[in-house]
Amino acid sequence: MRQGIASLLHALFGACRAVSIVLLLAAATLTAIGSPALAERVALVIGNGAYRNTPALSNPPKDAEAIAEKLRELDFVVTVALDAKLVAMRSALKTFTAQARSAEVAVIFYAGHGLQVNGENYLIPVDANLASRSDLQAATLRASEIYASLVAAGPDLAVLVLDACRDNPFSAAISTSPGLASGSVSASAFVQRPNSAGMLIGFAAAPGAVAFDGGDGHSPFTTALLQWIDRPGLELGTMLRRVRSTVVELTRGAQVPWVEEALLREVYLYPADPAALAGSKKVASIEVALLDTIRALELPVERTVAREFYSRLTGTDGADPLPASLPGEGDKADLHDDFVRQGLIWLSIRHASDIDLFQKYLDAFPSGPFAAAAEKRIEKLREEKEHPPVEVSAGVAPDPGTLVVGETTGLEQGKSAGEVAAASVDPLPDPKPTVSQEAASAAKQPQPLEMEAKLGLGSEALAGVQALLTEAGEYSGRKDANFGPGTRKAIESLQRSAGLDATGYLDQRTLQVLVRRYAGAVLRDDQDTKRRDAVHLLAAVASKGAGARPTVLRVAAMSRNDAVHAYWRDLSLDFEARHPGYRVTIEHQPGSTYKATLLGMLGSDTPPDIMHTWGGGHLEALREAGFARDLTEEMSKGWALEFRSGALQTYTQDGRIYGVPSSVELVSLWVNTSILEKAGVAPEHLATWGGFLEAVHKLKAQGVVPIAIGGRDRWPFQFLWGNLAEQIGGRAAFEAAYSGAGEGFLSPSFVEAGQRLRELAELQPFQVDFLSADEGAAGMTFAKGGAAMVVTGNWRLNTMRWNWPGGATRMSRELRRLDFPAVSKPSDKLLTYGGADGYAVNSKAPEMAVELLRVLTSRAVQSRISELADSVPSVSGSDLSLKDPFISDVAATLLRSTYHQLYYDQALGPIAGEVLNEATMKLATGDMQGLDAARAIDRAWDQAVLSRAPVPTVPTDGHVPK
C-alpha cells in the first residue's frame, strides 16, 4: 500500500506555472447519513507568496489563511506556516506528523510555487534560489517528504485536491510541462485497507491543463472551494462536483476541475440532518407568495391582469389557485393583447409618485379599464403636493429612507431601512426630572467636552460638521475644523431648536439631527471628495458611535457605453445623498473580460455586493455557490409585478428569485423592405417557415444575399436553431429537456429544429464570407444593403443607424422588424427568444444593497439607459417613455409574449452552451444532421447537470482514467 500511495503522489503532483497546490488527505467524517459523530481532525496549511528571488505571489498566503480558518470551523487543529523558508516548512511538517498520529482526518494544504521534474515534485520555499535543476534537491521540499508524512498520518480516507496556477517564474532555468497529470497507479491497495473509506483525487483543472491564477483575492478554484467546503449535509463527492460547476461557469469554461474517485461510502465534512436542512427556508416560493399579493390587489381588473402575469411567469394557469370568479373581475376570455398590455404597464407603475407618468398613461390609454385608477392616482398625488405632511420633529424617528447610515446591527439582523432609521435616533427626552434627580444624573454623566472627545472625530470630520451647520443656516465662518466661539454658538443654537441640551458641544444625538436634516443637501451640492467623505463618516458615527466607518456598496457592472457610465455615476452620488453613510463604487467591465474576472472579484477582500448576471446557467452557478441572495421575499411584495414576466423567468430558480432583470433582448427577423420589394417578396410572406424558405430561394435566384450572419462568433446560429425549437416544441419542450425529463434534447422538437435548419443551409442563404465575419460585421453588411435579412437582436440598431444609406430617416422607412417565422400555423400565444441582462445581490452584502438595486433597475433608470444604449427595459412601465419606434415595437412585442426563452447557450451554461453553438454552426454549414446535433447537445447537457454528472471512478483493476 505504501508504494501505491507514493506512486500516486508522484503522478498527481503535476507540473505547474506558479502553482497553488491543495493537498487534502482526510477521513472527512467517515460515517454515513444519520451518524453525527465527528472524527479527530488535524491539518497543516502552508502559504508561500513573499518570494525573494522571483516575483511575489499575492494570493497563496490569502488562500492558506482562508482555508485554515474554514478548517478550524470544521473542528480541525491547524498548524499554519506563511511565507515559510525551507527550514520552517520542514519544521511545520514535522509538527503536523506528530499531531496526526492515529487521527482519522489529516489535511495538508500548500499554496505557492511548485515544480515537477522527471517525475519528482518540489514545493518551493520563499528563500529558494533556483538557477538550474541541480538546485532543486537542496533548496525545495520534495513530494516524497510530503508522502512520508501522509503515510505516517494513516488516514482511512484519502482526498487530494490540487490547484495549479499559470505563471512559472523558473521556466528560464528549469523547463516544465503545463498542467498536472492524472493518476496512473492502482487504488486497489488503498481501498482494501481495513476501515478505509476509499480515495478521491480532485484537480483544479483537467489533466494537462493549467488553472487560473485569480485576481486580487483567491484563485478561482480556492474561491469556489471556500464557498462549498463547509456546507452542511453535502456529501464530499457532490461538494467537489459543485466546486467544478462554479469554476466552469464563472471562468466561461476556461477552467474545468477534474475528479477521480474510488469512494467506498458516503462521507461528509459537515454532517447535518437532511430534514432540518429542508425546513430552513422561511419564505414561501414566488408562486405562493404572488398569489397572496394578487388576492390583496385593490381592483378586480388588477387581479385579472396579475393572474395573467402569474400564469406567464410560472407556466401554469393562474386561475386554479384563485377563485374562478372574483367580484367585478373581467372574464379571462377577454384578456386580449391590448388589455394585457395596459394592465401590465399599470401594475408596473401603480405605486409611482410621478404625476407626469400617470398623465402619459392616460394619454396612451384614455378610455382603458385602468384609466379611472390613473385619474385617482393623479388626484391623490396633487393633493399630497399641495398639502405635504407635517415635518417630523427632531426627537421623533425620521421617515423611512431619510437617514439610513453605515453598517448597523439592525441591518445585519435583517431589519428594514425604516426600522434602522428609527433605531438610530434616541427616543424623546423623559419628562423634566426633579432637582435631586438632576444632581444625581449629572454626577454620573460625562461632561460635554468629554462626550465630544469620545466621538473621536478628526479634523476633516470636524470641518464636515461646520459644513452641516452652514447648511443649517447656523454658521457662516470658515470650515477649518477650528471650533471657536462661532462654531460653539452654532451648535448650541441647533441643539436648542431641536429640543436638545444646548451645551454647544457635539454628542451622538446632535450628530443624528445634523446628519438627518442636512447631510443630504451637502452631499448633493458639495462635490469636494474630502468633504463628502467627512459627511459620510459623520453619518456612520451618528448611527453607530465612535470608530464607525461608512459602508461601501460595490457594483460590478458590464458596459462599454461612456454615457451609461456617467449616468450611473450621477445615480450613485444621488443615492449617497439620500443615504448618508453609504458610499457607492461602480466598476464597469466589457463583456469579453467580465466572466473571467468575476470569480476573482468574488474571492477578493472587497467582493462586489451587486453583480451583473445573464441569468440561466450563470445565475445558477452564483446561486449554487452561495454568491446570490434569495430575493423572493422582496419580490413577492409587489416588486415582481413591475417587470415583464419573461424577463423575471430568467432569474427564477426552483420557485425562488435570485436576481433582478435590468434589460431584455429580443431576437427578431429584421428585413430591408426596399430590397424585398425589388425581389418581389412581401414581408407578410415571411410569417411562416415555408414562406421564409421560398423567399430565400427567390432572393438567391436574383443574385441577392438573403441573410447576413456572423459565423465567426458561432453563437448567431443558435438564434436560428433556438427559435425553431421554441416554435416547434414551445416552453414545455425546453423545460422538460432542461430538467432531464423524457428524451431530453433528443426529443422530436430539437431533432426537427436541426432538420429545419439544414433545409435552410442547403439553400446557401448566407453572405460569401459568413464564416469569417463576426456578428457586428454581419449587422453592418445588412445595414449597408449587402443582404435582405438578418436574424439579430435590438442591440444591433445602433450599427444600423450609423451605416444605413441615407441615414436614420431612410432607415425608418425601409427597416422592419418581424417575428420569427412560424414553423406551423401561427399560435395565438406569442413566444419570444432572447436575453435578459440583470443583477444579483451578493448573499453577504449589506441590506442596503437591495435598496440600491431597486434604484438601478427602476423604471426611470431603465428608461434613461434605453435612450443611451438602445436597450429594452425589463420594467413594463418604462414602455410609456420609449421614444425610438423600433425599441418601442420590441418592448410591445415582449409585453405581448406569453413566454420569453433565454438563449439556449446561456441557459445551459458554458460547456453545454459551447457544444450547442458548435453543433448549430455545423447544421448551418451542412456538416451535421439534426439528430447528430441533438445527440451532441444532449450528451453535453448530461455532463453539465450535477445530479447526472458522476465523478469519474478509479477502477480497482489498476487502471486510472486519463
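Computed from heavy atoms alone, side chains included, the values below leave out hydrogens, waters and symmetry copies. Note that the structure is a prediction, hence the values are computed from the model and not measured.
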For [X], salt bridge (Lys or Arg N to Asp or Glu O under 4.0 Å) partners two or more places apart:
{"X": "Glu914", "result": "Arg714"}
{"X": "Arg72", "result": "Glu69"}
{"X": "Asp230", "result": "Lys70"}

Got a donor-acceptor contact below 3.5 angstrom from the Thr140 side chain to the Arg142 backbone? no
Show the nearest heavy-atom pair for residues [X] and [Y], with the distance to one decimal.
{"X": "Tyr658", "Y": "Ala628", "result": "CD2-O, 3.8 Å"}
{"X": "Pro61", "Y": "Ser58", "result": "CD-O, 3.8 Å"}
{"X": "Ala849", "Y": "Val841", "result": "CB-CG1, 4.1 Å"}

Polar contact flag, side-chain donor to acceptor under 3.5 angstrom, [X]-[Y]:
{"X": "Thr246", "Y": "Glu624", "answer": "no"}
{"X": "Thr238", "Y": "Arg241", "answer": "yes"}
{"X": "Thr613", "Y": "His618", "answer": "yes"}

Whether Trp614 and Tyr594 hold their rings parallel, tilted or perpendicular, with breakpoints at 30° and 60°: perpendicular
How are the rings of His113 and Tyr51 set to each other: parallel, tilted or perpendicular (split at 30° and 60°)? tilted
Who pairs with [X] by side chain to side chain donor-acceptor pair (under 3.5 Å), at least two apart in sequence or on another chain?
{"X": "Asn59", "value": "none"}
{"X": "Arg554", "value": "none"}
{"X": "Ser604", "value": "none"}

List the steps and the verdict of side-chain contact (heavy atoms from CB on, under 4.5 Å) for Thr597 and Gln589. CA-CA 9 Å; Thr597 59; Gln589 296 194 19; 2.7 Å; yes
As a quick check of understanding, evaluate salt bridge (Lys or Arg N to Asp or Glu O under 4.0 Å) for Glu620 and Arg623, giving each step before the final call. CA-CA 5 Å; Glu620 176 68 8; Arg623 180 190 75 84; 2.9 Å; yes
For the aromatic rings, using the six-membered ring if either is Trp, is the centroid distance between Trp228 and Tyr270 under 6.0 Å? no
Before accepting this row, confirm whether a basic side-chain N of the pair Arg656/Asp630 lies closer than 4.0 Å to the acidic partner's carboxylate O. yes
Quick one: pull up CG in Leu553 and OH in Tyr582 and give me the separation to the nearest 0.5 Å. 7.0 Å
